[in-house]
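Every heavy atom of this structure was used, including side-chain atoms; hydrogens, water molecules and symmetry mates were not.
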Amino acid sequence: MYVVSTVLCACRNYKGGPPYMTLVNNSDIDISIQTSYPENIQEDSMILCHYGLFYGVYDLKVDSLFKFFYWGWEDCYRNPAGWYDYFETYKYIQYLIMDRDTFWKYHSEPCDTIRKYVPVLHVYRLTLEDLERMNWTVVYPPEEED
């Protein structure tokens with residue numbers, strides 16, 4: 001029994017990295033953010049709902065921030081997983097930014113209605129390199145680069 005539990009609970013070698021990234025709303029409206037984890041960025045990856053279901057949607061009030069934690073497991077409680085582990089599997093993380101009031105007005109409607117009446121204000125398709133350059137902080141609206 002000891003050998004079986006040791007094999008089944010063996011520690012994974014995690015890359016670690018930041019445990020969270022920060023999402024900041026510097027706009028003058030409350031926003032909703034839908035998170036998705038596409039393996040490849042394609043035109044059809046910008047989908048507000050899948051089969052009438054929403055997942056990974058967070059609300060962010062004006063002048064506030066949200067710490068988006070990595071949901072990976074910890075390596076035997078000694079070596080916590082972090083966002084580097086996510087990017088071992090996926091090339092991108094995507095955030096769709098919407099007006100919160102508009103989103104919640106239509107969120108229970110059929111997908112084609114939602115896509116028609118809930119405009120996506122901005123799409124972030126971020127790689128590991130993008131997030132490192134941004135110091136793991138995603139700001140809406142995007143800051144102008146000099």
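- Thr102 and Tyr117 get closest at one heavy-atom pair: CG2-O, 3.3 Å.
- Judged by distance alone, the side chains of Asn25 and Ser64 never bring a donor and an acceptor atom under 3.5 Å apart.
- Atom CG of Leu131 is separated from atom OH of Tyr86 by 9.5 Å, given to the nearest 0.5 angstrom.
- Tyr58 places no side-chain N or O within donor-acceptor distance of the main-chain N or O of Leu23, the cut-off being under 3.5 Å.
- Salt bridge annotation for Asp130-Arg133: present, with a cationic side-chain nitrogen under 4.0 angstrom from a carboxylate oxygen.
- Here the straight-line distance linking atom OH of Tyr124 with atom CG of Leu96 works out to 11.5 Å at 0.5 Å rounding.
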### Query
Run the ring pair (Phe, Tyr, Trp, His ring centres under 6.0 Å) check on Trp83 and Phe68 step by step: do they pass?
CA-CA 10 Å; Trp83 280 102; Phe68 187 60; 5.6 Å; yes
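- With rounding to the nearest 0.5 angstrom, the OG1 atom of Thr22 is 11.0 Å from the CE atom of Met134.
- Rounded to the nearest 0.5 angstrom, Tyr92 OH and Ser36 OG are separated by 12.5 Å.
- In this pair, Phe103 and His107 present their aromatic rings tilted. The plane angle is within the 30 to 60° band.
- Judged by distance alone, with hydrogens and angles left aside, the side-chain atoms of Thr137 form a donor-acceptor pair with the main-chain N or O of Asn135 at under 3.5 Å.
- The number of heavy atoms from other shown groups lying within 6.0 Å of OH (Tyr20) does not exceed 12.
- Within the model, atoms CG of Asp59 and CE of Met98 stand 8.5 Å from one another, a figure rounded to the nearest 0.5 Å.
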